[in-house]
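Following: one structure in structure tokens, then a few remarks.
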Protein chains: 2
Amino acid sequence: MGAVGKLAPKPSADAAAGVRLGALRHSIGFLLRVCQVRLYDQFYERLGDSDLRPGEFSLLWVISQNPGIKQGVLAQTLAIKPAHMTKTVRRCAARGLLHRVIPEDDRRSVQLSLTLRGTDFVTANSHNFFGPTAYNTHSLTEEEAATLAHLLRRFCGLPDCEPERAAR
Amino acid sequence: MGAVGKLAPKPSADAAAGVRLGALRHSIGFLLRVCQVRLYDQFYERLGDSDLRPGEFSLLWVISQNPGIKQGVLAQTLAIKPAHMTKTVRRCAARGLLHRVIPEDDRRSVQLSLTLRGTDFVTANSHNFFGPTAYNTHSLTEEEAATLAHLLRRFCGLPDCEPERAAR
DNA sequence: CGAAGATAGTTTACAAGGAAATTAAAAAAT
DNA sequence: ATTTTTTAATTTCCTTGTAAACTATCTTCG
């Protein structure tokens, strides 16, 4: 999947540089979208050949940190709507990456845990998402990236620290 | 269109607060997505009844700041792929908000300008996107929001200032 | 104890967004 | 001057993500 929006400078990219944005240049909504598209492009540049889709790693990662987490709680955590969460979870289960368990004490809900294969998958792919070799490259310093992350958490209401106790 | 992801706290929202994120809590990619979804929800909360769609205002706004801008340049500026830009531009043209003009000196391209109706539309809707009454509410101070915007521009490579000359 | 209301996840249908192929036009190469 | 290559936008088809309706299950109420 080769994206039209390539990262190497092009004549038309130069043309975009001459566009006046006015107040939009300071609009967080607009800036979030542009950053999101850039990240998406970088994701496919690095991982386009793998069978990993955007968001799937996050899903598996959060399950690895919270074995037995309920599907609805996971959906809420990752800001994914229930319908899409159902499809994604079933796709990962079909690939043998996670277990779906219906608890006896609440047969409406689904509890999720990684399989050994899923754990290996998360371990093998972590370097693409965290640390200096992550797919999303940028020109910010470590301090600037930390400030950006802090402000984004503030913006969306996510705490800076892990909760005291794990969710069940 | 009532989003499942409501902003008022709910029992399941409390459950999400108890989830351990590990390194994901500091991942800019993940944080950008959560912020994006939150913005999307806020957009529909404020403007769900209107005939405005996400991104359409930005499109009209940039055209208002750059009359005669080429469609490809606009697409690049807003990080929208050409196919989608075609559909969105034609939809706005059908609503009488903009003119599509094929210049004699390059009949491949399309130049865009707002109609009077489009200009009125942008003027009438600006307060929903810029300033203290914008739809995207958050708890950041003005200084923090400015820093966030600055770091997002740094992240995606967008300059802090307007270009010296308008694009043709 | 049974009915009504709420919750959790699933299914279906649809809209948004984009890849790939296409068309039309301009620029570059021969 | 003609052919080839490149550019700009469009069309078609597909995937992703979600609203709405649905099913199954649990909780609350009378």
Side-chain angles (χ1 to χ4, degrees), chain A residues 1-6 10-16 33-34 36-37 40-41 43-45 48 51-56 58-59 69-91 93-94 100-112 168, chain B residues 1-6 10-16 33-34 36-37 40-41 43-45 48 51-56 58-59 69-93 100-112 168:
Chain A
M1 190 192 245
V4 170
K6 292 184 174 61
K10 293 182 308 180
S12 53
D14 293 337
R33 182 189 148 76
V34 175
Q36 184 90 2
V37 170
Y40 203 77
D41 288 339
F43 178 91
Y44 278 109
E45 198 157 282
D51 52 2
L52 196 63
R53 302 157 180 247
E56 275 184 359
S58 298
L59 184 149
I69 187 172
K70 287 208 235 166
Q71 186 170 303
V73 172
L74 180 63
Q76 196 108 28
T77 300
L78 296 176
I80 294 174
K81 296 302 196 282
H84 186 44
M85 178 55 65
T86 296
K87 292 189 226 176
T88 305
V89 162
R90 284 182 180 278
R91 190 162 52 235
R100 297 175 67 248
V101 170
I102 313 295
E104 284 302 321
D105 62 349
D106 186 357
R107 300 191 61 76
R108 293 170 299 179
S109 60
V110 172
Q111 284 183 312
L112 306 169
R168 291 305 300 159
Chain B
M1 187 193 247
V4 169
K6 292 184 174 58
K10 292 184 309 182
S12 52
D14 293 337
R33 183 191 146 75
V34 174
Q36 184 89 2
V37 171
Y40 203 78
D41 288 341
F43 178 91
Y44 277 108
E45 198 157 282
D51 51 4
L52 197 61
R53 302 156 181 250
E56 275 185 359
S58 298
L59 184 149
I69 187 171
K70 287 206 236 168
Q71 186 170 300
V73 173
L74 180 63
Q76 195 108 29
T77 300
L78 296 176
I80 295 174
K81 295 301 197 283
H84 187 44
M85 180 54 66
T86 295
K87 295 185 225 173
T88 305
V89 162
R90 284 183 178 276
R91 190 162 53 236
C92 289
R100 296 176 65 250
V101 170
I102 313 296
E104 284 302 322
D105 62 350
D106 185 358
R107 301 190 60 79
R108 294 169 299 178
S109 60
V110 172
Q111 283 182 312
L112 306 170
R168 292 305 301 159

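These figures come from a predicted structure and were not determined experimentally. Here is the naming used below: chain letters follow the sequence lines, and residue numbers restart at 1 for every chain. Side-chain atoms are counted along with the backbone in the values below, which use heavy atoms only and exclude waters and symmetry mates.
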What integer distance in Å separates [X]:[atom1] from [N]:[atom2]?
X        : N      : atom1 : atom2 : answer
A:Arg107 : C:dT10 : CZ    : C1'   : 16 Å
B:Ile102 : C:dA24 : CD1   : P     : 13 Å
A:Tyr40  : C:dG17 : OH    : C1'   : 9 Å
A:His84  : D:dA20 : NE2   : C1'   : 18 Å
B:Ile69  : D:dA9  : CD1   : C1'   : 15 Å
A:Arg100 : C:dG9  : CZ    : C1'   : 8 Å
B:Phe43  : D:dT18 : CZ    : P     : 16 Å
A:Gln36  : D:dT16 : CD    : C1'   : 13 Å

B:Ile102 CD1 to B:Gln71 CD distance, which is reported to the nearest 0.5 Å: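 One finds 8.5 Å between CD1 of B:Ile102 and CD of B:Gln71.
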Nearest 0.5 Å please: distance from the SG atom of B:Cys92 over to the NZ atom of B:Lys87. 14.0 Å
Between B:Pro54 and B:Asp105, which has a closest nucleotide on DNA chain C that is more 5'?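 Result of the comparison: B:Pro54.
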What residues in residues 86-93 of chain B put a non-hydrogen atom under 4.0 Å from any atom of DNA chain D? B:Thr86, B:Arg90
Upstream residue (5' side of DNA chain D) when A:Pro103 and A:Ala79 are each assigned their closest nucleotide: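 Taking each residue's closest nucleotide, the earlier one in sequence belongs to A:Ala79.
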Quick one: on DNA chain D, does B:Asp106 or A:Met85 contact a more 5' nucleotide (nearest heavy atom)? B:Asp106
Quick check for you: among [options], whose closest atom lies nearest to any side-chain atom of [X]?
X        : options               : result
B:Lys81  : C:dA19, D:dT16, C:dT7 : C:dA19
B:Ala83  : C:dA26, C:dA8, C:dA19 : C:dA19
B:Ser109 : D:dT18, D:dC26, D:dA8 : D:dA8
B:Arg108 : C:dG9, C:dA8, D:dT7   : D:dT7

Side-chain N or O of [X] less than 4.0 angstrom from OP1 or OP2 on [N]?
X       : N      : value
A:Arg33 : C:dG17 : no
A:Arg53 : D:dT16 : yes
A:Gln71 : C:dT10 : yes

Any idea which heavy atoms bring [X] and [Y] closest together, and the distance?
X        : Y        : value
B:Ser58  : B:Leu78  : CB-CD2, 4.1 Å
B:Met85  : B:Ala75  : CE-CA, 3.6 Å
A:Leu59  : A:Thr88  : CD1-CG2, 3.6 Å
B:Ile80  : B:His84  : CG2-CD2, 3.7 Å
B:Val110 : B:Leu112 : CG1-CD2, 3.7 Å

Any sub-3.5 Å donor-acceptor pair from B:Arg33's side-chain atoms to A:Ala79's backbone N or O? yes
